[in-house]
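See structure below.
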2 protein chains.
Amino acid sequence: MEEKNYCYKYPHPSVTTDCVIFGYEDMKLKVLLIERGLEPYKGKWAFPGGFVKMDESVEEGARRELKEETGLETNMIEQFYCFSDPQRDPRERVISVAFLALVKMSEVHGGDDAANARWFNLDEIPQLAFDHDRMLRMALQKLRERIHFRPIGFELMPEKFTLKQLQMLYEAILDVRFDRRNFAKKMLHFDILTQLEETVWPTPKREAYLYSFNKEKYDELKQKGFRLEF
Amino acid sequence: MEEKNYCYKYPHPSVTTDCVIFGYEDMKLKVLLIERGLEPYKGKWAFPGGFVKMDESVEEGARRELKEETGLETNMIEQFYCFSDPQRDPRERVISVAFLALVKMSEVHGGDDAANARWFNLDEIPQLAFDHDRMLRMALQKLRERIHFRPIGFELMPEKFTLKQLQMLYEAILDVRFDRRNFAKKMLHFDILTQLEETVWPTPKREAYLYSFNKEKYDELKQKGFRLEF
DNA sequence: TCAAAAGTGTTCTCCCTACACCCATGG
DNA sequence: CCATGGGTGTAGGGAGAACACTTTTGA
């Protein structure tokens, strides 16, 4: 018999965090999911997350759970919505603060510690537990919103990349197609990209310049507020 | 001796809502605050809010508390951040979901039921309880963000108004000045305003047309997504 | 007769869009 | 020699910003 030592005058909900983690690889936007081993929703997939401890903020909790369950760490993690439908968890009242996180898949390969964690393409999402399908839709919406105001590529791209690669990231996230030349002009115009000496041969046809993000310019623009039209 | 009948295996935080309520009157953006009658922070001012019940979502809780504590109801209320610093409440662990609400002050005058509730101009905010000063700053930021994508005037303006009045609302919220003619052109261009037959004499100098919002056009634009540049 | 408020229109400029040309490589 | 991919430049259109004229009233 388990002991219940924490007693209150009024009923208290549980508070959890859930992390919608986006990555980018092979020209595809991907999401990290964990297969549930326990009821309810056993065998279904869900976002990593867990209970918030009494001595940590929800941000700290989200980062901790992310690390514990997947081994991943990230610079970009932010809350985007609090899910609080009284019936959202069949066991008990659980209020969950959902986070949007971005990771560089190029750096963390094999970093998905949990054996039951897997990256999914957006068009191959399996059935999700709880209200996590709605969570995913809202996270994606938030990501698309964010991309207009912040050069999120910073967090999803490898250190060095070609303009084409960056364009494909934007196209994957927004699900649109851009004109090659206009896209380059627009990105270079903000001065947040540094053209490197280095080149690569993305195809055997022709070599392409590599670029890196200019963190200083980026931080400067983040302060002023900047708007990227698409 | 009070009884504590709700027991859990692990400690649970309390979950509350807080409402940052904006109104607009006398060419000023205003915020509704309630004076605290109890410790902690007795005598300090705070946003209306309270504990979330077990059978309601945070949205429902926020609306309920708003109604209970101020008598106000609103169409526009949305969460904007979850405040969760473990130390934010000196009594116990309290996680609060903060809401942004807009009310038409022209319709609710005298509607502040609570004797200890008062509207404050933004430049006359008294000392606030808990982390509510940070809450206010973030709410204001969110409001300014929102105004670029939604004709929030709907919720803050009276039914009928002049272009000048609408302009002054935008100027009050964003703390900038606009060219009279360009502002009118921009607003009319979206087709969300209906020019009425009616006129008023805002000054004894000359009469001005009254306008009302065109809800249909507004809903149409809200779906498509629209962007108001400033 | 003059100042103040409001209604209306024009021009300039810049940025976004669409689109074309050049060059190098591998087959 | 030609198809493919990538680097660069140009013309047109639309929307925002700057700006001027007219009308009406009260002092």
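No hydrogens, no waters, no symmetry mates; every other heavy atom, side chains included, goes into these values.
- Listed candidates were D:dG6, C:dG26, C:dG7. Nearest to the side chain of B:Tyr209 is C:dG7.
- Shown for residues 169-192 of chain A: residues whose heavy atoms fall under 4.0 angstrom of DNA chain D, namely A:Arg180, A:Arg181, A:Lys185.
- Note on ring orientation: taking the six-membered ring where Trp is involved, the planes of A:Phe47 and A:His132 are parallel (angle under 30°, cut-offs 30° and 60°).
- Ring geometry for A:Phe120 against A:Trp45 counts as perpendicular: the plane angle is over 60°, on a 0 to 90° scale with 30° as the lower cut.
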Donor-acceptor pairs are to be reported for all side-chain atoms of residues 203-211 of chain A against protein atoms at under 3.5 Å, with residues two or more places apart or in another chain.
from     : atom 1 : to       : atom 2 : distance (Å)
A:Thr203 : OG1    : A:Lys205 : N      : 3.2
A:Glu207 : OE1    : A:Thr199 : OG1    : 2.8

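- As rounded to whole Å, 16 Å separates atom C1' of C:dA6 from atom CZ of B:Phe161.
- Atom pair B:Gln167:CD and C:dA5:P shows a separation of 13 Å (rounding to whole Å applied).
- Taking atom CD of A:Glu207 as the reference point, atom C1' of C:dA24 lies 9 Å away to the nearest angstrom.
- If you measure from atom CG of B:Leu163 to atom P of C:dG7, you get 6 Å, rounded to the nearest angstrom.
- Straight-line distance from the CE atom of B:Met168 to the C1' atom of C:dA5: 12 Å, rounded to whole Å.
- Salt bridge annotation for A:Glu56-A:Arg64: present, with a cationic side-chain nitrogen under 4.0 angstrom from a carboxylate oxygen.
- Look at CG on B:Leu166: it is 13 Å from P on C:dG7, rounded to the nearest Å.
- Rounded to whole Å, atom C1' of C:dT8 lies 12 Å from atom CD of B:Gln195.
- The CZ-P distance, from B:Arg206 to C:dA5, rounds to 13 Å in whole Å.
- Checking C:dT25, C:dA6, D:dG6 against every side-chain atom of B:Ala208, the shortest atom distance belongs to C:dA6.
- Salt bridge status for B:Glu25 with B:Lys30: absent, with no side-chain N to carboxylate O gap under 4.0 Å.
- A:Thr74 places no side-chain N or O within 3.5 Å of a backbone atom of A:Ile77 that could act as its donor or acceptor partner.
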